[in-house]
Amino acid sequence: MNDYWHFFLNDVFPALNQGLWISIAVIVPSALLGLALGVLVGSLRVYAPAPVRLLNEVYVSLFRGTPLVVQLFFWYFALPHLQIGDLRIVLSPMSAAILGFTLCSGAYHSEYIRGALLSIRHGQIKAAQALGMSKTQTVLWVVLPQAMRRALPGCGNEIIYLIKYSSLASIITLNELTGIGRTIAKQTWRNIEVFVALGLYYLLLVTLATLLLQYIERRLALPGFSHARR
Amino acid sequence: MTTPQPILRVEGIHKTLGDQLVLNDVSLTVNRGEVKILIGPSGSGKSTLLQCLNFLHHPDQGRIWLDGREFKATSRRELCAFRQQVGMIFQDFNLFDHLTALGNVQIALIKVKGMAKAKATHRAKEELARVGLADKMDLYPAQLSGGQKQRVSMARALAMDPKVLLLDEPTSALDPELIGEVLAVIRFLASAGMTMIMATHQIAFSATMAHEFLFMEKGRIVERGSPVHLLAPGATSRTMAFCAKINELSGDLGMAERRCASSSSALADKPQGGHGTT
Ligand SMILES: Nc1ncnc2c1ncn2[C@@H]1O[C@H](COP(=O)(O)OP(=O)(O)OP(=O)(O)O)[C@@H](O)[C@H]1O
Ligand SMILES: [Mg+2]
């Protein structure tokens, strides 16, 4: 028993803690940028003129239709081989991961946002226009505040997924939680202990995120906007 | 008597929706302080006409003047400026569900008129008090009755200081016991000189304050005149026949004729002809 504690305290926790910070450094910006992208793309898919709408549809089908691993490989391994003129983009593992996760989760967020936008009664849009609001003002002040509340459960789930699929960053050599876990497991041959601990770290992250999302939902709750979460 | 001062004038409005000619050469003028009532069977184009008057539908043909100036919907900015001057009340209220009563009245003042928040709050409170909702300001639409919602929507439109108010069956979605409170506000507005065009089935009520009835059928105004004439006892107008039919449908068989007649006799002491503003 003593040996276990020793192993966890001296080897597993310090290393995983380091990885935890790197995971957080990937997850937080990806979640925020992904959500922002999703709101933009979702709004454009509903309200933009046809060519712009089409472009956004293509983006969404592309990123929902291909495996995330392939997308990450592309940003990290393939992009440097694309040379446009003198321009060649080489991304660090961290940047490639954030880019990949943002683009992927943005596509999914846009689905939830789009559905929520379409659920807003058209009468309210007419009323806003009758008051002299421009199209942009209508979307910004009438439609989005309601749509965001409707989309929140779906977008929240997407963020929970993101926490878990952030582990894929390890395959483009980023030493986040999973990457570090694999390294210790290889070095010590104590797979059970390491991977159970690793799982618990993710469980902790997901639990914290769930609590945070529930708090936000409660803060934004309004009479007439029922939430059907879970 | 002051000379009539046209606030809103439209000429030759045509509108096709789908493959149906919904408005066929509609013209009308409403002068300052006048109340015009649109009546007619379902599908005759009343809602479409009202929505053309503030460009929620763009007419296919026709010209519109507001307060003496012809309006051509050339730029979006002008369109927004035009709509601010033409208030609109909808059958199903269309309140913004995420805002309180106060927020509903305030938002366009702040975002569209660029009013400072404190000033907009003050103005919104005034308007809500005017429609008798001073104590409901902080409630959300989901917490209000239909009649209260419609009164909030009227406060919201009135806060913009419109030159003319368009009302599309403002009481049709209400339970019978809630209709009175909305009609009271409309009556108050009429007496205060608000220029209005209202589509409604409340014929007896509107006869008491309308300067003109416009009877629509199949996208045309087929009859127009003062309620006194159209609803005179024994009149053979379309309006009279329609009124009788509505009353029949609402269950007062036999009473119908008398009710239509009595709604016009209530007008007997009301001056007719060119009305000045109060
Ligand atoms: N978006 C649309 N596309 C096609 N046809 C439409 C559309 N909106 C309305 N119409 C048709 O236009 C006609 C006029 O409709 P409108 O709503 O103006 O009538 P209304 O007089 O207001 O009727 P109601 O008393 O039922 O409100 C109807 O025949 C309707 O079917
Ligand atoms: Mg209608």
Side-chain angles (χ1 to χ4, degrees), chain A residues 35 39 42-44 46-50 52 112-156 216-229, chain B residues 47 50-51 53-58 75-101 103-114 138-144 149 152-153 156-162 165-168 173:
Chain A
L35 186 61
V39 171
S43 306
L44 291 176
V46 177
Y47 296 115
V52 181
Y112 298 112
I113 302 285
R114 192 182 85 102
L117 287 174
L118 291 174
S119 78
I120 307 297
R121 283 183 303 112
H122 188 66
Q124 293 188 57
I125 298 173
K126 272 193 177 169
Q129 288 180 336
L131 288 165
M133 284 195 200
S134 67
K135 208 168 174 182
T136 315
Q137 283 175 326
T138 305
V139 173
L140 223 49
W141 307 118
V142 175
V143 182
L144 272 182
Q146 297 183 45
M148 285 311 292
R149 287 182 166 87
R150 296 244 155 86
L152 201 59
C155 291
I216 294 174
E217 261 182 56
R218 264 201 313 276
R219 280 296 302 271
L220 293 179
L222 289 182
F225 287 79
S226 53
H227 291 288
R229 200 181 159 80
Chain B
S47 301
L50 288 175
Q51 296 194 23
L53 294 182
N54 71 350
F55 285 87
L56 284 177
H57 282 309
H58 287 253
S75 75
R76 287 186 196 179
R77 182 186 299 264
E78 277 181 54
L79 188 63
C80 292
F82 176 85
R83 283 178 178 153
Q84 285 177 53
Q85 303 173 64
V86 181
M88 181 95 185
I89 302 297
F90 300 88
Q91 182 172 342
D92 37 12
F93 332 126
N94 292 339
L95 291 187
F96 306 133
D97 288 334
H98 65 302
L99 296 174
T100 59
N104 265 277
V105 182
Q106 219 179 15
I107 185 139
L109 293 176
I110 298 171
K111 303 299 180 194
V112 178
K113 291 217 154 175
D138 297 322
L139 296 185
Y140 286 88
Q143 300 166 313
L144 295 170
K149 282 190 229 184
V152 172
S153 95
R156 178 173 72 176
L158 293 169
M160 300 297 284
D161 288 320
L165 196 60
L166 312 175
L167 303 98
D168 190 1

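Values below: every heavy atom of this structure, side chains too, minus hydrogens, waters and symmetry copies.
The main-chain N or O of B/Asp97 is found under 3.5 Å from a side-chain atom of A/Gln124 such that the two form a donor-acceptor pair.
In terms of heavy atoms, B/Lys113 sits closest to B/Met160 at NZ-O, 2.9 Å.
Dense packing is recorded around CZ of A/Arg121, with more than 12 heavy atoms of other residues, nucleotides or ligands lying under 6.0 Å away.
At a threshold of 4.5 Å between non-hydrogen side-chain atoms, the residues A/Ile120 and A/Arg150 count as touching.
Note: B/Leu95 leads B/Thr100, B/Leu139, B/Leu95, B/Asn54 in heavy-atom pairs under 4.5 Å with chain A.
Between B/His98 and B/Phe96, the ring-plane angle classifies as tilted under the 30° and 60° cut-offs.
At a 4.5 Å heavy-atom cutoff, B/Arg77 makes no contact with chain A through either its backbone or its side chain. Looking at B/Leu166, neither its backbone nor its side chain comes within 4.5 Å of chain A, counting heavy atoms on both sides. At a 4.5 Å heavy-atom cutoff, B/Gln85 makes no contact with chain A through either its backbone or its side chain. Within the 4.5 angstrom heavy-atom criterion, atoms from both the backbone and the side chain of A/Gln129 approach chain B.
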